[in-house]
Asker: 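A single structure is presented below for examination.
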Amino acid sequence: MALLEVNNIKKSFGKTEVLKDISFSMEKGEAVSIIGSSGSGKTTLLRCLNFLETPDAGTIRVGGEVLFDGSDKTRKSDEEIRRRRLHFGLVFQNFNLFPQYTALENITLAPKLAAKAAGVKNDEQIVETARSLLAQMGLSNRADNYPHQLSGGQQQRVAIARALALHPDILCFDEPTSALDPELTGEVLRVIRELAENHTTMIIVTHEMKFAHDVADKVIFMDDGYILEQGTPEDVFEHPHEERTRQFLSSYSKK
């Protein structure tokens, strides 16, 4: 059974259909890259998976559990939405770190709140985990730095550690290098590559075509709210079936 099953997801904003009929699945330990031009619906799909937006129709299952069913119109409590959101970790384009907290505090904040809500006190373990994640990101010496004291690449690596701290089933990246200078892009891509090598289950929305090809187990090409093509990197990049896919990849190969 697939870890994630997305079936017939639709999402409109007013009269604008952004996701028109999205279906795909992925296995535990798989890295999936989602590519496509701006406005194709990639970010909205991630936001629907993370319950930052509510789809209009379709189903989302993780590990067989139905997290969203468009036919169920029962209003879910904020607590229930938060519980479902914990299956996913989301790393944003612009880091979204809290400026008033240190790198370590940014990572420990959500786990401490979750532990408190569950009536559990394990602050020492949470801090130990956060320090281990900072070490994994190559930032052991930056634990007490505030975001403004960090480079963009360092901030994004803290954001990745923060997402991992809640042990999500699936880690989602929304164009994780788009806000970075080219010289800082490599350090973030290197971290994501290492996560892929360790079989972290990931969905990566990216404009880095070579990275998408080299790191992903599966590539999804979105266009105008649809999944137009999906398959192995070799299938999509080297033997695309759709003319629109060929046009898109051709435009990138000329850059």
Asker: Quick test of your reading: applying ring pair (Phe, Tyr, Trp, His ring centres under 6.0 Å), list the pairs with at least one residue in residues 45-96, sequence neighbours left out, ordered by first then second residue.
Answerer: none
Asker: Checking T74 against D72 for the side chain to side chain donor-acceptor pair (under 3.5 Å) test, could you report, in this order, the C-alpha distance in whole Å, the side-chain angles of both residues, the deciding distance, and whether it holds?
Answerer: CA-CA 6 Å; T74 308; D72 179 4; 2.8 Å; yes
Asker: Tell me, with the steps shown, if E194 and R190 meet salt bridge (charged side-chain N to carboxylate O under 4.0 Å, His left out).
Answerer: CA-CA 6 Å; E194 288 170 1; R190 188 162 54 249; 5.2 Å; no
Asker: Quick one: side chain to side chain contact (heavy atoms under 4.5 Å, CB included) partners of T201, sequence neighbours excluded?
Answerer: L3, M26, K28, I170
Asker: Kindly write out the residues that satisfy ring-ring contact (aromatic ring centres under 6.0 Å, His included) with F221, not counting sequence neighbours, or none if the list is empty.
Answerer: F248
Asker: Output yes when E243 and R246 qualify as a salt bridge under the 4.0 Å nitrogen-oxygen rule, no when they do not.
Answerer: yes
Asker: Does the side chain of M222 come within less than 4.5 Å of I227's, by heavy atoms?
Answerer: yes
Asker: If you measure from CZ on R82 to OG on S77, what distance do you get to the nearest 0.5 Å?
Answerer: 7.5 Å
Asker: Hey, could you give me the CZ/SG distance between R47 and C172, rounded to the nearest 0.5 Å?
Answerer: 12.5 Å
Asker: May I ask you to decide if the ring planes of H148 and Y146 are parallel, tilted or perpendicular, using 30° and 60° as cut-offs?
Answerer: parallel
Asker: How about K76: does its NZ atom have over 12 heavy atoms from other parts shown lying under 6.0 Å from it?
Answerer: yes
Asker: Using atom types as modelled, flag every donor-acceptor pair under 3.5 Å from a side chain in residues 119-128 to any protein atom, sequence neighbours excluded.
Answerer:
| unit_1 | atom_1 | unit_2 | atom_2 | d |
| --- | --- | --- | --- | --- |
| K121 | NZ | D123 | OD2 | 3.4 |
| Q125 | NE2 | T129 | OG1 | 3.2 |

Asker: What residue pairs, at least two apart or across chains, pass ring pair (Phe, Tyr, Trp, His ring centres under 6.0 Å) with a residue in residues 180-220?
Answerer: H213-F237
Asker: With side chains defined as the heavy atoms from C-beta onward, is the minimum distance between L104 and R131 less than 4.5 Å?
Answerer: yes
Asker: Ignoring hydrogens and angles, write down the donor-acceptor pairs under 3.5 Å from the side chains of residues 132-142, residues two or more places apart or on other chains.
Answerer:
none

Asker: If you look at every heavy atom in A196 and A31, which pair is closest and at what distance?
Answerer: CB-CB, 4.5 Å
Asker: Nearest 0.5 Å please: distance from the CG atom of N7 over to the CG atom of D21.
Answerer: 9.5 Å
Asker: Looking at R193 and E208, is there a salt bridge between them, counting it only when a charged N and a carboxylate O are closer than 4.0 Å?
Answerer: no
